[in-house]
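This report refers to the structure that appears directly beneath it.
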Amino acid sequence: MKLLNSTARASSAVLAGALLLGSLTACGGGSSQATATVDTSTLTLAVDSDSASFGFDPLRVSAAQRQFFEGLYESLMALQPDGSAGPGLAKEFSYNADNTVLTLTLKDDVTFTDGSKLDAELVKANLDRRSDPALSAYSAVAKGGAQEITSVDVVSPTQVALTFAKPQPGFEKNLASTTGMIVGKNGVTDSASLAATPAGSGPYTLDPSTVKGNKYVLVKKEDNPEASKYAFDKVIFSVVQDPQARANALVSGQADVAMLTSSTVDFAKSKGVGVSQIGGTVNTMISFDKIGKTAPAFAEEKVRQAIQYAINRQALVDALHKGDIPAWNALPKDSAGFTKDLETTFAYNPEKAKSLLAEAGYPDGFDFTIIASAQTQTDLQAVQKDLAAVGITMNVKMASSTDEAFAAVATTPLGYAPLNWDNPVGVMYGAVLNGFTNVQKATDEQLSAATGELAAAKDDAAVKAAATKLNTRLVESGWMIPLYEALTNQGYNTKKVAPVEFAGTNAYPLLSSYTPAS
């Protein structure tokens, strides 16, 4: 998962967005790239949200924030260029016969910024934090989660064993993202300190010139064993929420790489920048409330299905997202669980929507409020018109603060965010079933069963069967109301940066994958 944005852009930080506009707001004019001086010492990335809105504890975020945090922290396993999991802080791993115990053999030469050293006791201390409900990355492995870790045991100073409540083959991939990031001893002992100060062993440190919420400046630690894998001495993450402002920053040379939306790709290309693209991010409305606590109508599955039928997805894409793909599936088109049956089953049908509303006891419709940001406002206004046509009044309220945007998961019945499903099991356990999108603690036996089947699947046929069940149930239950599948676009200055490459189907490139143009 790119929770949201794209884990999973599936994270609360992505959902809320960076509500304060960043500093890169250059006007769109002629490109200055051709005359820019090549500077391989600094790489500036214009990104769409504040990855450190919760501070610098990597366990408070999810896969969508991995790229930023991998500069400061290392994971037990490392995401490889092909999307697989390889050695990280753990140089070796092995399972017992029934896949209920995963033993990790650790490196013995790792030092954290607080001076502490990597050992099995530190890994145990990190993983023993999983009872803290504030740690998004641990929601799937905490007590009651389907990937529950029941105990973490020190086998030797360099070996630690993770025991699971149920068999977890392939769990090592989870350890290649934020779930596997390890915090130094001071950060574990005093987690409040991570609000302002990172405590990692990554290849970069946080520079004092950082301005929280605006730009984050990372400076390479030349004595770090992994430093040679990173081409740039300094990396700046500049938060620029407005899509056109990000494109303008790239074109004007204020940014070397920028996250582009489909609406700005043609503009950027016309100015001579390069664009790398990958699919897999589904922009979806998410039912936060499935029990009717914030809006009684949402407790009815037929109401949530009515919303599926009421939305004209093709018209939305034609008007606002040319180049993207209308989506009736919760999972992307290249995933194992994609099925064209959903395109027919939930095809645009306002009369069907009205009929379902009447069956659910709402023949005259109902009203509710959804919280928007500058990024989501236009899409929500288009959906607002479709819903109004079947009698549903959706009030679109602009978030007045980041706190209001974050609180929406508990105060409103419906949200809107991009989700990347690179790791569907992780998205389900980390965000959908047990995570921040389900603060009302709704349950769905079919979704839980399908997720469990997918986690245990051992061959392609089993994966496809389970993923299809999961995808179908997400849509028919209305837990997910997909709108369109977006291409993830990374624009780059061709004079300075080589073509951007993605790690498998992950929507966020590895920080180490950015290299100077040859």
Side-chain angles (χ1 to χ4, degrees), residues 261-263 279-290 295 297-298 300-335 337-370 372 375-396 412-419 421 468-487:
T261 61
S262 296
S263 62
T281 299
V282 179
N283 285 260
T284 183
M285 303 186 83
I286 305 170
S287 293
F288 295 149
D289 185 0
K290 284 79 67 176
F298 275 81
E300 301 293 332
E301 184 172 299
K302 288 183 178 179
V303 166
R304 302 194 299 268
Q305 289 179 341
I307 295 174
Q308 301 275 28
Y309 286 107
I311 299 172
N312 190 335
R313 293 163 170 85
Q314 186 64 61
L316 175 71
V317 169
D318 289 345
L320 300 175
H321 299 286
K322 291 186 183 298
D324 290 327
I325 308 165
W328 291 263
N329 283 252
L331 302 187
K333 64 181 180 62
D334 291 331
S335 71
F338 181 86
T339 170
K340 291 188 73 66
D341 291 347
L342 289 172
E343 296 180 4
T344 302
T345 302
F346 289 99
Y348 176 53
N349 189 337
E351 294 307 313
K352 177 70 171 177
K354 293 177 183 178
S355 176
L356 285 168
L357 288 172
E359 291 175 23
Y362 295 91
D364 299 321
F366 63 95
D367 68 273
F368 70 96
T369 297
I370 191 168
Q375 269 186 312
T376 63
Q377 182 182 20
T378 304
D379 282 357
L380 290 178
Q381 288 173 339
V383 172
Q384 182 183 47
K385 294 177 182 177
D386 284 345
L387 296 185
V390 302
I392 300 174
T393 300
M394 182 175 77
N395 302 302
V396 178
T412 60
L414 194 65
Y416 179 40
L419 293 181
W421 293 89
T468 303
K469 287 182 187 178
L470 175 62
N471 182 25
T472 300
R473 182 58 188 161
L474 280 170
V475 176
E476 70 181 14
S477 68
W479 278 44
M480 295 289 167
I481 302 171
L483 299 182
Y484 69 96
E485 181 175 347
L487 292 174

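Side-chain contact between W479 and R304: present, with at least one pair of heavy atoms (C-beta onward) separated by less than 4.5 Å. Residues L414 and F288 fail the side-chain proximity criterion, which asks for heavy atoms closer than 4.5 Å. Looking at F338 and W421, their side chains never come closer than 4.5 Å, going by heavy atoms from C-beta outward. The shortest distance between side-chain heavy atoms of N283 and D379 does not fall below 4.5 Å. Between M480 and V282, the closest side-chain pair of non-hydrogen atoms is not below 4.5 Å.
Summarising the geometry, atom CG belonging to L320 is positioned 5.5 Å from atom CG belonging to L316; distances are rounded to the nearest 0.5 Å. To the nearest 0.5 Å, atoms CG (N349) and NZ (K354) are separated by 10.5 Å. A distance of 10.5 Å separates CG in L474 from CD1 in I286, rounded to the nearest 0.5 Å. Between the NE2 atom in H321 and the OG1 atom in T378 there is a gap of 8.0 Å [rounded to 0.5 Å]. Here the CD-CD distance, from Q305 to E300, works out to 11.0 Å after rounding to the nearest 0.5 Å.
For T472 (side chain) and T468 (main-chain N/O), a donor-acceptor pair under 3.5 Å exists by modelled atom type. Although no hydrogens or angles enter the test, the distance criterion places a donor-acceptor pair under 3.5 Å between the side chain of W328 and the main chain of F346. Using modelled atom types, no side-chain atom of E359 and backbone atom of K302 make a donor-acceptor pair closer than 3.5 Å. In this structure, the side chain of N395 engages the main chain of F368 through a donor-acceptor pair within 3.5 Å. Side-chain atoms of N471 come within 3.5 Å of backbone N or O of L331 as a donor-acceptor pair. A donor-acceptor distance shorter than 3.5 angstrom exists from the side chain of T345 to the backbone of D341, with no hydrogens or angles considered.
Of all heavy-atom pairs spanning M285 and M394, the tightest one is CE-SD, 4.1 Å. Closest of all the heavy-atom pairs between S335 and P332 is OG-O, 2.7 Å. Closest non-hydrogen pair, N329 versus P482, comes out as O-CB, 3.4 Å. In terms of heavy atoms, R313 sits closest to A327 at NE-O, 2.9 Å. K322 and S262 get closest at one heavy-atom pair: O-CB, 3.7 Å. Listed here is the closest heavy atom pair of V475 and A330: CG2-N, 3.6 Å.
Considering D324, T281, I325 as possible partners of Y484, the one that fulfils the side-chain contact (heavy atoms from CB on, under 4.5 Å) test is D324. For the pairing with P413, the side-chain contact (heavy atoms from CB on, under 4.5 Å) check across T369, I370, D289, V303 returns one residue only, D289.
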**OP:** Check the pair Y362, I392 against side-chain contact (heavy atoms from CB on, under 4.5 Å), reporting the backbone distance first and the verdict last.
**Re:** CA-CA 9 Å; Y362 295 91; I392 300 174; over 6 Å; no
Subject >> Derivation and outcome, side-chain contact (heavy atoms from CB on, under 4.5 Å), residues Y416 and T284 >> reply: CA-CA 6 Å; Y416 179 40; T284 183; 5.8 Å; no
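Aromatic rings of Y309 and Y348 (six-membered ring for Trp) have centroids beyond the 6.0 Å cut-off, not under it.
When only modelled atom types and interatomic distance are considered, N312 and D386 share no side-chain donor-acceptor pair under 3.5 Å.
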